[in-house]
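We count residues from 1, following the sequence as given.
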Amino acid sequence: MKKVIIEGLKFIGFSGIGWLIDTTIYLILTSIFKLNVDISNIFSSLVGVTFVFIMSTRKIFVSNSKINIKIKYLIYIIYQIILILTASKVMLLLKDYLITLNINIIVKYINIIVKIIITPFTMLINFIVMKLLIEKI
């Protein structure tokens with residue numbers, strides 16, 4: 001159990017850095033280039049999850065299988081595309097809902113608010129999938 005907690009804390013650390021990379025790109029795409037939140041989230045998330053995969057496979061999880069790490073990365077990216085597309089659509093729905101509340105501070109920072117709301121859910125799912133993929137498959 002202690003091992004899983006330590007892995008979880010390390011994963012949170014690397015995921016935090018990945019999230020900063022992801023969110024910076026996301027904010028640039030939504031604020032400067034005025035792309036929709038769902039499209040921006042797809043591009044920014046792929047960069048962030050690639051960083052987390054690389055760091056996690058080098059510093060946290062130990063692969064015990066004969067499956068090549070490149071194959072595992074391909075599987076992880078396919079999983080991430082499904083997760084990112086789902087999360088992006090949820091973000092778009094959440095944005096539309098929050099805008100209907102017509103609260104100025106929410107409307108002003110809506111793009112970052114929806115990103116922050118969705119993050120804990122995706123981070124937990126990613127930890128579980130990454131641990132299973134790297135150590136069990």
Side-chain angles (χ1 to χ4, degrees):
M1 183 64 166
K2 182 179 176 183
K3 178 184 179 239
V4 173
I5 292 171
I6 292 170
E7 288 174 342
L9 292 174
K10 287 180 181 179
F11 189 80
I12 288 170
F14 287 127
S15 292
I17 295 168
W19 187 83
L20 289 173
I21 294 167
D22 172 0
T23 302
T24 300
I25 294 169
Y26 170 81
L27 289 173
I28 290 168
L29 294 175
T30 58
S31 300
I32 296 172
F33 293 103
K34 306 295 185 201
L35 293 177
N36 289 334
V37 295
D38 55 339
I39 300 299
S40 299
N41 190 59
I42 292 166
F43 289 120
S44 66
S45 294
L46 285 173
V47 175
V49 299
T50 296
F51 169 81
V52 173
F53 182 87
I54 291 168
M55 296 309 294
S56 294
T57 56
R58 291 184 180 176
K59 304 289 183 182
I60 302 172
F61 304 113
V62 178
S63 178
N64 296 320
S65 73
K66 294 181 182 186
I67 297 174
N68 186 298
I69 197 71
K70 291 176 184 176
I71 300 297
K72 289 184 179 190
Y73 177 71
L74 180 62
I75 293 167
Y76 189 69
I77 287 300
I78 292 168
Y79 149 76
Q80 280 295 336
I81 289 169
I82 294 166
L83 179 65
I84 291 166
L85 289 173
T86 303
S88 297
K89 292 303 174 190
V90 170
M91 288 170 69
L92 199 55
L93 293 169
L94 185 58
K95 179 181 178 179
D96 290 343
Y97 171 73
L98 291 174
I99 287 173
T100 65
L101 299 177
N102 203 23
I103 300 171
N104 287 339
I105 191 78
I106 291 176
V107 172
K108 184 175 181 180
Y109 297 105
I110 192 71
N111 291 337
I112 191 64
I113 290 170
V114 296
K115 184 76 169 174
I116 290 170
I117 290 171
I118 200 77
T119 296
F121 301 103
T122 58
M123 188 181 290
L124 177 61
I125 295 166
N126 285 340
F127 175 76
I128 294 166
V129 169
M130 178 74 79
K131 184 161 181 61
L132 291 173
L133 178 63
I134 301 305
E135 293 186 346
K136 305 295 182 197
I137 295 178

Practice problem: Indicate yes or no for a side-chain donor-acceptor contact from D22 to the backbone of G18 under 3.5 Å, with no hydrogens or angles considered. | Solution: no
Exercise. Please tell me if the side chains of Q80 and V129 come closer than 4.5 Å, counting only heavy atoms from C-beta onward.
Key: no
Quiz item: Between Y26 and V49, is there a shared hydrophobic cluster once you connect ILVMFWY residues whose side-chain heavy atoms come closer than 4.5 Å?
Solution: no
Quiz item: Does the side chain of N126 come within less than 4.5 Å of V52's, by heavy atoms?
Solution: no
Exercise. To the nearest 0.5 Å, tell me how far L93 CG sits from L98 CG.
Key: 11.0 Å
Practice problem: Measure the spacing between CG of L9 and CD1 of I60 and express it to the nearest 0.5 Å. | Solution: 9.5 Å
Quiz item: When you check the side-chain N and O atoms of N41 and S45, is any donor under 3.5 Å from an acceptor?
Solution: yes
Quiz item: With distance as the sole test, does N68 use its side chain to make a donor-acceptor pair with the main-chain N or O of K70 at under 3.5 Å?
Solution: yes
Practice problem: Would you give the length of the straight line joining atom CG of L29 to atom CD1 of I39, rounded to the nearest 0.5 angstrom? | Solution: 10.5 Å
Exercise. Determine which pairs satisfy ring-ring contact (aromatic ring centres under 6.0 Å, His included) with at least one residue from residues 27-75, sequence neighbours left out, and list them in order.
Key: F53-Y73, F53-Y76, F61-F127
Quiz prompt | Spatial distance of atom CD1 (I42) from atom CE (M91) [nearest 0.5 Å] | solution = 10.0 Å
Practice problem: Using side chain to side chain donor-acceptor pair (under 3.5 Å) as the criterion, point out the one residue from T119, T24, T122 that pairs with W19. | Solution: T119
Self-check item: Over all atoms of both residues, closest heavy-atom pair of V107 and N102
Solution: CG2-CA, 4.4 Å
Exercise. Just do the side-chain contact (heavy atoms from CB on, under 4.5 Å) check on Y79 and I75 with the steps written out, would you?
Key: CA-CA 6 Å; Y79 149 76; I75 293 167; 5.5 Å; no
Quiz item: Shared ILVMFWY cluster between V90 and I106, side chains joined below 4.5 angstrom?
Solution: yes
Quiz prompt | I32 with I21, same ILVMFWY side-chain cluster at under 4.5 Å | solution = yes
Practice problem: With side-chain contact (heavy atoms from CB on, under 4.5 Å) as the test, would you mind laying out the steps for L27 and K115 before giving the verdict? | Solution: CA-CA 10 Å; L27 289 173; K115 184 76 169 174; over 6 Å; no
Quiz item: Taking all atoms of both residues into account, what is the closest heavy-atom pair of V114 and N111, and its distance?
Solution: CG2-O, 3.3 Å
Quiz item: Do K72 and S63 have side-chain atoms, one donor and one acceptor, less than 3.5 Å apart?
Solution: yes
Quiz item: Are I69 and L74 connected in a single hydrophobic cluster, I mean Ile/Leu/Val/Met/Phe/Trp/Tyr linked by side-chain heavy atoms less than 4.5 Å apart?
Solution: no
Exercise. Please round to the nearest 0.5 Å and tell me the distance separating atom CG of L46 and atom CD1 of I84.
Key: 4.0 Å
Quiz item: Is I118 close to L94 at the side-chain level, that is, under 4.5 Å between some pair of heavy atoms?
Solution: no
Quiz prompt | Distance (rounded to the nearest 0.5 Å) between T57 OG1 and M130 CE | solution = 7.0 Å
Quiz prompt | Hphob cluster co-occupancy, F121 + I12, side-chain heavy atoms under 4.5 angstrom | solution = no
